[in-house]
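Working notes for the structure below.
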There are 2 protein chains.
Amino acid sequence: MAGNSEQKASQIDWAAFMPGLALDAVIFGYHNGQLKILLLEYKNTPLFALPGGFIQQDEDLNNAAKRVLHERTALSNIYLEQFYVFGDLSRHNASQLKQIIVANGHFIDDSHWLLQRFISVGYYALIDFTKAIPTPDAISDSCQWFDITNLPPVMLEDHQEIIRKALETLQTDLDRKLIGFNLLPETFTMGDLQGLYETILGKPLLRPAFQRKMLSLGILERIAKKQTGMAHKAPYLYKFIGG
Amino acid sequence: MAGNSEQKASQIDWAAFMPGLALDAVIFGYHNGQLKILLLEYKNTPLFALPGGFIQQDEDLNNAAKRVLHERTALSNIYLEQFYVFGDLSRHNASQLKQIIVANGHFIDDSHWLLQRFISVGYYALIDFTKAIPTPDAISDSCQWFDITNLPPVMLEDHQEIIRKALETLQTDLDRKLIGFNLLPETFTMGDLQGLYETILGKPLLRPAFQRKMLSLGILERIAKKQTGMAHKAPYLYKFIGG
DNA sequence: CCAAAAGTGTTAAAGCTACACCCATGC
DNA sequence: GCATGGGTGTAGCTTTAACACTTTTGG
């Protein structure tokens, strides 16, 4: 849950949103052999949080998620999946929310639904790190990539748990569906792809087996014969062919 | 979405619930080689619907689902999973909802959230058919089992789609997690278990392979040596041992 | 020529498929 | 005995795992 409007809180038409309901997005990217996610840093607080937002009364839930993703990354056509709804009472932390609002110089009545208990739909997204343009929202100082193994210690509400569950879902989805390619640029080497799998699954894989398995799926097309530069045999470039 | 209170609509304290949010439960049972689900039939209408309910302001989302399941089946400790959140605007059908309310002799203001757009969390449950006591709610005439291959043609809103997606999820979960046993009594034969798998997956399985695979998992304990009665070799009884 | 990384070959183990076969029981 | 359903054995195929080997390129 995070502010999703570019306006000041006092100008927001809260009635345009569904009360008590939010969505949080765990946006994965892959760079330099690290799996990363996007986090916002709230103004004047030491709090980090997942990008999120509210659902407009006249908006499909999944479209609200797409909108949030576009606002934070400037990307469209993103791979996006619901993975869990977080609806425990214990995740509610009114004082933390109030701290954020106050730190932004706004006031809100204690009875407002924004300070009450929330139910939040968790989404995870896979994007091409090189194409995203991280963009903070109105109540945040920054929107930055964090290595999944090195997250800030203090996070909003249960966002640590949401991230954990998102990663768990990504790990089990990775070899059931063919989604890994969404984290890479259009063209990539087999080494890139293997590194991605190893990073997500957290274990080394054998190169010959990995190569054969990927090629046997028939979803990779070998593009250029060679790449440039290094002190060893140049790898082939591949691209994903939807299929 | 369905009425979940035992009171008359006019007596219900609507403020006790989270507005715009509901849950729907696809409750699976297995009997006589058929996969079945529980459906409610609304009073004075030809409409069938999934059991469902609202989330109380002071209630965990998952506990609300457990409560609904207990109200409709008299069972506790049910196997229960979230599988999708249905949040499209197109699922909204105000006239259908109003029809149900009117058919129950109640009145409600058109601006009430009950007649507005809803977001619904889909759950599926696996229960022992022989133990459930189907119980209608206050606005329903009946709560009955329906063969999944022979559902009523007219159902509330997008409940057909919810059921389709629940079945799809059950099929993919069936051999990823060890959940089939939740649909059978404590003891069962290998034939029962195979029939269950065949019914859910919609295809025949080879007996030797199935038997070996199940036994190799180490989650079945062979109980009684024999069963009684039929014109052939008596099968062993097995029970599930949580691993 | 050597180190490093890419890619292919090869063999053994493991798993799955399909069918054949034996067991127990009621008619 | 024979039909019926339960349970085991086994041969053949496919998949996976592990390692050896060749290829390319900069130093």
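Small disclaimer: the values here were computed from a predicted structure and weren't measured. All chains are named by letter (A, B, ...) in the order of the sequence lines, taking the proteins before the strands, and each is independently numbered beginning at 1.
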Requested in this report: Look only at the side chain of A/Thr45 and the backbone of A/Leu47, and say whether a donor-acceptor pair between them is shorter than 3.5 Å.
Outcome: yes

Requested in this report: For A/Gln82 and B/Tyr84, indicate whether the former's side chain and the latter's backbone hold a donor-acceptor pair under 3.5 Å.
Outcome: no

Report summary line: Residues at least two apart in sequence or cross-chain that pass salt bridge (Lys or Arg N to Asp or Glu O under 4.0 Å) with A/Glu81, listed by chain then number, are A/Lys177

Query raised in the report: In chain order, what residues pass the salt bridge (Lys or Arg N to Asp or Glu O under 4.0 Å) check against B/Arg164, with sequence neighbours excluded?
Result: B/Glu161, B/Glu168

Atom-pair distance ([atom1] on [X]; [atom2] on [N]), nearest Å:
X: B/Met190; N: D/dT8; atom1: CE; atom2: C1'; result: 12 Å
X: B/Gln211; N: D/dG9; atom1: CD; atom2: C1'; result: 13 Å
X: B/Asp175; N: C/dG15; atom1: CG; atom2: P; result: 17 Å
X: B/Glu198; N: D/dG5; atom1: CD; atom2: P; result: 13 Å
X: B/Leu205; N: C/dT17; atom1: CG; atom2: C1'; result: 12 Å
X: B/Leu237; N: D/dG6; atom1: CG; atom2: P; result: 12 Å
X: A/Gln194; N: C/dG7; atom1: CD; atom2: C1'; result: 12 Å
X: B/Arg222; N: D/dG6; atom1: CZ; atom2: P; result: 13 Å

Query raised in the report: Should we say atom NZ of A/Lys213 is surrounded by more than 12 heavy atoms from elsewhere, each under 6.0 Å from it?
Result: no

**Report entry** Set of residues satisfying ring-ring contact (aromatic ring centres under 6.0 Å, His included) with respect to B/Phe146, sequence neighbours excluded
**Finding:** B/Phe48

Requested in this report: Answer yes when A/Lys131 and A/Glu186 have at least one side-chain N-carboxylate O distance shorter than 4.0 Å, and no when they do not.
Outcome: yes

Report task. Tell me the stems DNA chain C sits in, counting at least three consecutive Watson-Crick or G-U wobble pairs, each under 3.5 Å on both distances. Result -> C:1-27 with D:1-27

Query - Summary of protein contacts for nucleotides 13-23 of chain D, nucleotide by nucleotide, where a base hit scores B, a sugar-phosphate-only hit scores S (4.0 Å, heavy atoms) - result: ----SBB---B

Query raised in the report: Can the positive tip of B/Arg222 be found less than 6.0 Å from the middle of the six-membered ring of B/Tyr236, inside 45° of the ring normal?
Result: yes

Query raised in the report: Taking the side chain of A/His232 as its heavy atoms from C-beta onward, which of C/dA24, C/dT8, C/dA6 lies nearest to it?
Result: C/dA6

Query raised in the report: Which pairs count as side-chain hydrogen bond (donor to acceptor under 3.5 Å, both in side chains) when at least one residue sits in residues 203-212 of chain B, sequence neighbours excluded?
Result: B/Gln194-B/Arg207

Query raised in the report: Under 4.0 Å between a side-chain N or O of A/Arg207 and OP1 or OP2 of C/dA5?
Result: no

